[in-house]
There are 2 protein chains.
Amino acid sequence: MTFPDLFERFATGVLPLDISDAIHLKFQSVARYASAREGDAPFQGAGLDQIIFVARGSTKLVAQASQGREQIVAFNFDGDLVSVPAKAAHSYSLIALEDCELIYFPANEFFQLAGEETVLVYDMLERALKALARCREKTIALGRKTAGERIAGFILSMADRIGTKTHDGIAIVLPMSRRDIADSLGLTIETVSRQLTELRSANVIETPGRSQVLLRDVAALKSRAGHIQEAA
Amino acid sequence: MTFPDLFERFATGVLPLDISDAIHLKFQSVARYASAREGDAPFQGAGLDQIIFVARGSTKLVAQASQGREQIVAFNFDGDLVSVPAKAAHSYSLIALEDCELIYFPANEFFQLAGEETVLVYDMLERALKALARCREKTIALGRKTAGERIAGFILSMADRIGTKTHDGIAIVLPMSRRDIADSLGLTIETVSRQLTELRSANVIETPGRSQVLLRDVAALKSRAGHIQEAA
DNA sequence: CGACAGCATTGATTCAGATCAATGTGAGGC
DNA sequence: GCCTCACATTGATCTGAATCAATGCTGTCG
């Protein structure tokens, strides 16, 4: 795909419809493009905070703790906007889960431009609050849930974000490996595997191939996720 | 303290300096006031997202999972602005750690008003990103760190947020109980206590009284926190 | 089309932190 | 000043998930 095509995806996905041509052009002139192969980490060690638009593909935002321990902080899919901090108590990098095309900006330039169009800042705020909400949900899972509940919650979340309804359930094609799932849920590969086996033998899911999950019994999975009961 | 005084705190802490009188007055007319005694949960079950300014005191944002498990998602101090979601997979409530005075707004009204002053939206965005960054750091701690590392990180973070430098270290007066610390770090009270004992006997901290911590050896604590090495 | 390399599953054992169970202690009330 | 009680500490035991160790799959490349 060409740069103009990709930028157009960014523009329609992120910029407000009624934005002025001037701003649109300014964004286009500041935008940078990166394509990444599976496993690439195009922003590792950049000295500045970055704002990244995933134009095509999917990525993981990984934090590094001491002794090589990794924690995946978020997964990002097609059309998501990610903010990658440059400096914090841990070092972050964005890594491609599959071949990706990315549009990115140094955060300060991006915000400065956004400032010229209030709707856009407002929009960014909404996205940030949404990311915060998701991060809080993750906090709960990591702090207070069992391995089984984490896996159930993970599959529900993926079904919601990248699942497609089929006649006999929800089909999910996972772009991430078992290791990635483990690193996201604070578990080990083995535990992830055992929990999936458990769900399989309870007829809640099927796993036809490494990266596919067919969710058969959504209700059962929800009750396994340990969420608070909703009023009916 | 009277309502005007409290609102003034909000205005100086949150609103930009050069804001127009009209907007200032609009905020004042939409602002609501709540005082909360220790343990009160003034926003439990409110049907709408709320934006809350902690004018005086300190609070915890608590999420409820099934079976009465609690996870503290954030602590908030004097001058902090908190966003409390009404509806999510878990139910959130803001609880006073000590007697508090709060200024609050339904989120939609707040954002609508903020929209009239770009700087303010921009400011809110910055706060949201900061909260996100903090939440991500917590995610790492809960997903991949040992009890000892979590406690070390917790004390460092408190030292940074509410500590005061003294001639022989950093003094911290914790407004939260051991249970709160445990619920924040995904541990039990007993484990928190044991880790504090460990730090005490290693001469890293002193704990003169239930709620005081005197941090003696910052470097030692940092090396125990499992953060990634910074370039020197 | 077959082999191999990397990912996933399954099984045995260990261990950090939870749970269960007393015992200690310091801040507020009388 | 002393009592009290909720909070904190300490100790013994248990357990869910980690770790260690094979073994099984699958998609891919010659």
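Order of the sequence lines fixes the chain letters, A, B, ..., with proteins taken first and strands second; residue numbering starts at 1 for each chain.
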To the nearest angstrom, how far is L199(A) atom CG from dT9(C) atom P?
12 Å

Atom-to-atom span, CD of Q212(B) to P of dT25(C) - whole angstrom:
18 Å

Would you call the rings of F10(B) and F105(B) parallel, tilted or perpendicular, taking 30° and 60° as the class edges?
tilted

Look at R224(A) together with E198(A) and state whether they make a salt bridge at an N to O cut-off of under 4.0 Å.
yes

Which of the following nucleotides, dG26(C), dT19(C), dT9(D), is nearest to the side chain of R210(B)?
dG26(C)

If I take atom CG in residue L174(B) and atom P in nucleotide dC7(D), what distance separates them, rounded to the nearest angstrom?
15 Å

Contact under 4.0 Å: T191(A) side-chain N or O vs dA18(D) OP1/OP2
yes

Decide yes or no, distance alone: a donor-acceptor N/O pair under 3.5 angstrom between the base of dT9(D) and the side-chain of R178(B).
no

Side chain to side chain, F53(B) and R9(B), heavy atoms closer than 4.5 Å
yes

Rounded off to whole Å, could you give me the CD-to-C1' distance for the E190(A) and dA8(C) pair?
10 Å

Whole-Å distance between dA27(C) P and E98(B) CD?
16 Å

To the nearest angstrom, the CG-P distance between L142(B) and dG17(C) comes to 13 Å

Within this structure, what is the CZ-to-C1' distance between R69(B) and dT19(C), rounded to whole angstrom?
15 Å

Please lay out, stage by stage, how R178(A) and S193(A) fare under the test side-chain hydrogen bond (donor to acceptor under 3.5 Å, both in side chains).
CA-CA 7 Å; R178(A) 298 288 188 268; S193(A) 189; 5.4 Å; no

Check if the side chain of R194(A) and the base of dG11(C) share a donor-acceptor pair of N or O atoms closer than 3.5 Å.
yes

Any side-chain N or O of S193(B) below 4.0 angstrom from OP1/OP2 of dT10(D)?
no

What nucleotide among dA17(D), dG17(C), dT9(D) has an atom nearest to a side-chain atom of L187(A)?
dA17(D)

Taking atom types as they are modelled, is there a donor-acceptor pair under 3.5 Å from the base of dC7(D) to the side chain of R179(B)?
no

Regarding G186(B), tell me which of base, sugar-phosphate or nothing describes its non-hydrogen contacts under 4.0 Å with the strands shown.
sugar-phosphate

dT19(C) phosphate, OP1 or OP2, under 4.0 Å from T188(B) side-chain N/O:
no

Quick one: on DNA chain D, does Q195(A) or R200(B) contact a more 5' nucleotide (nearest heavy atom)?
R200(B)

Could you state the atom-to-atom distance from CG of L185(A) to P of dA17(D) in whole Å?
12 Å

I want to verify a distance call: between dT10(C), dA17(D), dG17(C), whose nearest atom is closest to the T146(B) side chain?
dG17(C)

For a salt bridge (Lys or Arg N to Asp or Glu O under 4.0 Å) check, start with the C-alpha distance between R69(A) and E149(B), then their side-chain angles and the critical distance, and finish with the verdict.
CA-CA 13 Å; R69(A) 290 170 296 178; E149(B) 290 171 328; 2.7 Å; yes

